[in-house]
Amino acid sequence: MDHYINGEWVNSGTGTIEVTNPATGEVIDTVPFGGKKEAKLAVSAAHDAFSGWAGKTAAERSDCLMRWFQLIQKHQEDIGEVMTKEQGKPLREAIGEVQYANSFIQWYAEEGKRVYGDIIPASASNKRIFVQKQPVGVIAAITPWNFPAAMITRKVAPALAAGCTVVVKPAEQTPLTALKLAQLADKAGIPPGVFNVVTGNASDIGEAWLEDARVRKITFTGSTEVGKLLMRGAAQTVKKISLELGGHAPFIVMEDADLETAVDQVIASKFRNAGQTCVCANRIYVASDVAEAFTEAFALKVRELKVGNGLEEGVTIGPLIDKAAVDKVNGQIADAVKKGGQVAVGGHVTGHFFEPTIITGATDEMLCMKEETFGPLAPVATFDTEEEVIERANNTPYGLAAYIFTENIGRAIRLSEKLEYGIVGVNDGMPSVAQAPFGGWKESGLGREGGRYGIEEFLEVKYVSVAFK
Ligand code: ADP
């Protein structure tokens, strides 16, 4: 497949990137290895399209988004299949991601009609103060491989609804899902230049966008390391920036928790996408009194998970994305064992297929309790008091998602207020939805995606002071 720039499929012959299936190692397609030239071409297209798109009524933009939403709905199974092939997640989960991704398009198609301003009482009777919201301009979105569709729509849908135009660089591992979305955007009648996708050399494309004053905002999901680099680069032209970076979610099970719910939710949170999400439970803290009961029930359920090629029926955990991901999880397990942890379940790996693994006797000195894992490893540690667990949970530079399981409402409120995290799930391991603000505190990022907060990221505030006779 080629770049999608200005409503056309473009290939300037700059070499290719092979897209491989992590389950089989087979090359499934190639995309162009674009660089600065293609990146700039896309910005020019987005820049030229901006005034026309921003000048449409919110209802007209909403109609375009709704047509895109309907086409994605219709093609959810084929997009899901492409996603499973390039990313590895089980087909049912991939189709689930397409639906989740599409919910942002639908929600922002509606929300774009509700971008309101203010009229503020002035200081003189012959003056009026109007506050209006206007689209930021050309947006550059750089997205990761773990959610090949949703990380794009979460950015592109609010941006387009607000009247911005967008250039996207998907991850090199998963460009096909992005290009599939572009095909449908084209078919939906989203005008040329409004939504562009460029594939290729990440640092060259990133640099071209950072240098270009026409790009007014960078929105990024990915590693904290690259996020910091983009933040520094954005200073050149003082671009707005939204960052959705790493997480290290604590999953806290109090002694009064409903253990069945806690086990079901930790499975959903920890093993979704084979543990490759930034809101996955990373550290599991269980009250000492219930640790044995919890771990027993958890181990039973983990043994029921089925690892394999995501296209096969009944598979619940697909392969990890690449060898580096496998090595990282292996390294964390070896480190945990060296520091006294026990492998209670799993621990084996074949190719990219990693067995879901539970480590008991985890301590905060272990790498898996400090570094983001991004794989199916669940370390279980114990604690004795509320104060202790809050202190341990907050003792990290990350602040994306945290989870608490308790049946005591006072405790739920107390703990959720003390956790230094942008998202807290109380008895809920799967809190992400289109209408809620997703984003992190501390080094987990800046800005929010989702809900009415998410569209503000793509709007500038203009204060108009009118004096009259
Ligand atoms: P991961 O480790 O999950 O792959 P990355 O932060 O490396 O996370 O990747 C997220 C996105 O950032 C991908 O689209 C990747 O191509 C892109 N990326 C990586 N390095 C750079 C860079 N130097 N400049 C711009 N984008 C980059």
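Computed from a predicted model, the values in this text were never measured in an experiment.
The backbone N or O of Y100 sits less than 3.5 Å from a side-chain atom of S103, completing a donor-acceptor pair. With hydrogens and angles disregarded, no donor-acceptor distance shorter than 3.5 Å links the side chain of S269 to the backbone of Q265. Of the possible donor and acceptor atoms, one in the side chain of N146 sits under 3.5 Å from a partner among the backbone N and O of Q276. Looking at D258, its side chain never comes within 3.5 Å of a backbone N or O of E407 through a donor-acceptor pair. Distance alone, capped at 3.5 Å, is enough to place a donor-acceptor pair between the T24 side chain and the E26 backbone. Judged by distance alone, the side chain of T165 and the main-chain N or O of A46 form a donor-acceptor pair under 3.5 Å. The backbone N or O of A39 lies less than 3.5 Å from a partner atom in the side chain of W209, making a donor-acceptor pair. Remark: side-chain polar atoms of K301 are not paired, donor with acceptor, to backbone N or O of D264 under 3.5 angstrom. Here the side chain of Y108 pairs no donor or acceptor atom with the backbone of T153 at under 3.5 angstrom. K270 places no side-chain N or O within 3.5 Å of a backbone atom of C280 that could act as its donor or acceptor partner.
With D2 as the partner, the side chain to side chain contact (heavy atoms under 4.5 Å, CB included) test is satisfied by one option alone out of V10, V197, N11: N11. Checked options R283, K370, E371; the residue passing with H248 is R283 (criterion: side chain to side chain donor-acceptor pair (under 3.5 Å)).
H348 and E355 share a side-chain donor-acceptor pair at under 3.5 Å. A donor-acceptor pair shorter than 3.5 Å can be found between the side chains of T373 and N282. With hydrogens and angles left out, the side-chain atoms of T396 and N394 include no donor and acceptor closer than 3.5 Å. Residues E18 and T30 have side chains that never bring a donor and an acceptor to within less than 3.5 angstrom of each other.
Taking each heavy atom of I205 and G34 in turn, the nearest pair found is CD1-O, 3.8 Å. For A299 against V345, the heavy-atom pair with the smallest separation is CB-CG2, 3.6 Å. Contact between L245 and L400 at its shortest, heavy atoms only, is O-CD2, 4.0 Å. Contact detail for I455 and A162: the closest heavy-atom pair is CG1-CB, 4.0 Å. Closest of all the heavy-atom pairs between F354 and V326 is CE1-O, 3.7 Å. Taking both residues in full, the closest heavy atoms of P379 and L377 are given as CD-O, 3.5 Å, listed atom of the first, atom of the second, then distance.
Between K85 and D29 there is no salt bridge, since no side-chain N of the basic residue sits under 4.0 Å from a carboxylate O of the acidic one. In summary, E457 and K240 do not engage in a salt bridge, as defined by a charged side-chain N under 4.0 Å from a carboxylate O. Between D364 and R392, at least one side-chain N (NZ, or NE/NH1/NH2) sits under 4.0 Å from a carboxylate O, which counts as a salt bridge. Between D63 and R67 no salt bridge is recorded (no basic side-chain N to carboxylate O distance below 4.0 Å).
Applying the salt bridge (Lys or Arg N to Asp or Glu O under 4.0 Å) test to every pair with at least one member in residues 94-106, sequence neighbours left out, gives these pairs: K89-E97. Note on residues 430-452: pairs passing side-chain hydrogen bond (donor to acceptor under 3.5 Å, both in side chains), not counting sequence neighbours, are R154-E449, K155-E449, K228-E443, E420-K442.
Rounding to the nearest 0.5 Å gives a distance of 5.0 Å between CZ of F147 and OG1 of T277. The distance from the CD1 atom of I267 to the CD atom of E304 is 8.0 Å, given to the nearest 0.5 Å. T224 contributes atom OG1, which lies 9.5 Å from atom CD of E244 (distance to the nearest 0.5 angstrom). Note that CD1 of I284 and SG of C368 are 10.0 Å apart. Values are rounded to the nearest 0.5 Å.
Contact of the P431 side chain with the V433 side chain is not registered, since no non-hydrogen atoms from C-beta on lie closer than 4.5 Å. At a threshold of 4.5 Å between non-hydrogen side-chain atoms, the residues T221 and T143 do not count as touching. The shortest side-chain heavy-atom distance between T295 and V286 does not fall under the 4.5 Å cut-off.
Judged by the 6.0 Å distance and 45° axis criteria, K217 is positioned over the aromatic ring of F458.
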| task | Tell me, with the steps shown, if V329 and F374 meet side chain to side chain contact (heavy atoms under 4.5 Å, CB included). | result | CA-CA 8 Å; V329 183; F374 244 62; over 6 Å; no

| Audit row: I359, Q342, side chain to side chain contact (heavy atoms under 4.5 Å, CB included) steps and yes/no | CA-CA 5 Å; I359 297 262; Q342 294 92 44; over 6 Å; no

| field | Full working for side chain to side chain contact (heavy atoms under 4.5 Å, CB included) between Q76 and I72 | value | CA-CA 6 Å; Q76 53 180 295; I72 293 173; 5.5 Å; no

| request: Any chance you could lay out the ring pair (Phe, Tyr, Trp, His ring centres under 6.0 Å) test for Y421 and Y398, step after step, and finish with the verdict? | output: CA-CA 8 Å; Y421 287 82; Y398 293 110; 9.4 Å; no

| said: The test is side chain to side chain contact (heavy atoms under 4.5 Å, CB included); show your working for V215 and I139 and say whether it passes. | reply: CA-CA 6 Å; V215 174; I139 308 296; over 6 Å; no

Which pairs of donor and acceptor atoms, one on a side chain in residues 170-186, lie under 3.5 Å apart (sequence neighbours left out)?
| residue | atom | partner | partner atom | Å |
| --- | --- | --- | --- | --- |
| E172 | OE1 | K169 | NZ | 3.4 |
| T177 | OG1 | E86 | OE2 | 2.5 |
| D186 | OD1 | Y4 | OH | 2.6 |

